[in-house]
Amino acid sequence: MYKNVIYFDTVYPLYQKHVKYVNNCYKKSVNVTIMSKKEASQYEINMLLWFLKGNHGGEMEYKELATNPVSVVLQLVGAKWKILVVKELLKKEMRFVELKKNLGCTAKVLTACLKEMEEDGLVIREEYGVMPPKVEYYLSDIGYTLRPVVESMHKWGKEYKRLRKLMEKYN
């Protein structure tokens, strides 16, 4: 099916995890080649992983995105729990139970969020072939690009709370 997959490991330590993921899932059909940064862009690599993870033999199916860039962000992480999942995964990779405990949401809601985020290329789900089953989630490189968005939201929320306290004091 897949004869060659082009990948490199010179930018982020997560790339080694991606290579490991591709090798584990596609041992018989994929040949991972390590390339230099000059030969492949980060975007090309992220899209390749997204393709391999979501579509195991066929054309990549893109989600219909809004035309307004702000609407695109809201479409991808606008749901209540999604941005909180990103915030938690920015700290470290986590198992499902740990994420559920930190967020305080139901298993059903978290499962749906993680599945959607994985399909959108924001989160990577890594399964380990051990018993009992072990699964960890971490942000893809595309997911890590949301760091400034989360930091801005944190800063704005903090400022809003301060201003609201002042408004309540004088009302």
Side-chain angles (χ1 to χ4, degrees), residues 2 5-27 29-30 32 40-66 69-130 132-154 157:
Y2 298 104
V5 173
I6 299 169
Y7 208 72
F8 67 99
D9 69 342
T10 57
V11 180
Y12 297 111
L14 284 178
Y15 283 139
Q16 287 297 340
K17 285 194 131 187
H18 295 317
V19 170
K20 180 180 167 190
Y21 168 80
V22 171
N23 282 332
N24 287 341
C25 293
Y26 302 95
K27 280 181 184 161
S29 58
V30 173
V32 176
S41 73
Q42 180 179 343
Y43 176 77
E44 290 171 318
I45 290 161
N46 289 334
M47 293 311 294
L48 174 65
L49 285 169
W50 186 24
F51 174 77
L52 286 173
K53 217 158 159 50
N55 301 287
H56 303 295
E59 293 181 24
M60 185 182 297
E61 294 178 28
Y62 291 99
K63 181 187 274 189
E64 188 69 34
L65 295 177
V70 174
S71 298
V72 172
V73 174
L74 291 174
Q75 183 178 351
L76 294 175
V77 293
K80 177 181 178 182
W81 298 105
K82 286 184 178 181
I83 198 71
L84 296 175
V85 168
V86 171
K87 182 181 145 282
E88 289 299 317
L89 292 178
L90 280 168
K91 298 174 189 172
K92 65 176 187 166
E93 61 187 38
M94 292 185 189
R95 295 180 72 174
F96 183 87
V97 175
E98 187 179 6
L99 264 173
K100 184 176 168 288
K101 179 183 168 192
N102 289 354
L103 296 173
C105 66
T106 65
K108 182 179 177 181
V109 169
L110 182 56
T111 300
C113 280
L114 288 168
K115 185 174 181 180
E116 263 187 59
M117 292 173 76
E118 187 179 8
E119 289 169 1
D120 292 335
L122 301 175
V123 170
I124 294 175
R125 179 181 194 264
E126 186 169 355
E127 292 182 40
Y128 297 89
V130 297
K134 178 182 177 186
V135 177
E136 288 185 336
Y137 294 90
Y138 56 93
L139 291 175
S140 68
D141 296 315
I142 294 172
Y144 271 108
T145 64
L146 289 166
R147 181 183 294 278
V149 175
V150 172
E151 289 171 351
S152 293
M153 290 175 75
H154 177 81

Item to complete: Start with the C-alpha gap between Glu88 and Lys100, add the side-chain angles, then the distance that decides, and say whether salt bridge (Lys or Arg N to Asp or Glu O under 4.0 Å) holds.
Response: CA-CA 10 Å; Glu88 289 299 317; Lys100 184 176 168 288; over 6 Å; no
Can you confirm whether [X] sits close enough to [Y] that some side-chain heavy atom of one is under 4.5 Å from a side-chain heavy atom of the other?
X	Y	result
Tyr138	Glu126	yes
Ile124	Glu118	no
Asn102	Leu84	no
Phe96	Leu110	yes
Tyr137	Met94	no
Val86	Arg147	no
Leu89	Tyr144	no

Calculate, to the nearest 0.5 Å, the distance between atoms [atom1] and [atom2] belonging to [X] and [Y] respectively.
X	Y	atom1	atom2	answer
Leu103	Cys113	CG	SG	8.5 Å
Lys87	Met153	NZ	CE	10.5 Å
Arg125	Ser140	CZ	OG	15.5 Å

Fill in: Stepwise side chain to side chain contact (heavy atoms under 4.5 Å, CB included) check, Leu114 with Leu99
CA-CA 10 Å; Leu114 288 168; Leu99 264 173; 4.1 Å; yes
Discussion item. Looking at Lys115, I want to see if its NZ is surrounded by more than 12 non-hydrogen atoms of other residues, nucleotides or ligands under 6.0 Å.
Written reply: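 At most 12 heavy atoms, drawn from other residues, nucleotides or ligands, come within 6.0 Å of this atom.
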Worksheet item: Is the number of heavy atoms from other residues, nucleotides or ligands within 6.0 Å of NZ (Lys92) greater than 12?
Response: no
Side-chain donor-acceptor pairs of residues 70-83 under 3.5 Å, sequence neighbours excluded:
from	atom 1	to	atom 2	distance (Å)
Gln75	OE1	Ala66	N	3.0
Gln75	NE2	Glu64	O	2.7
Lys82	NZ	Glu116	OE1	2.5

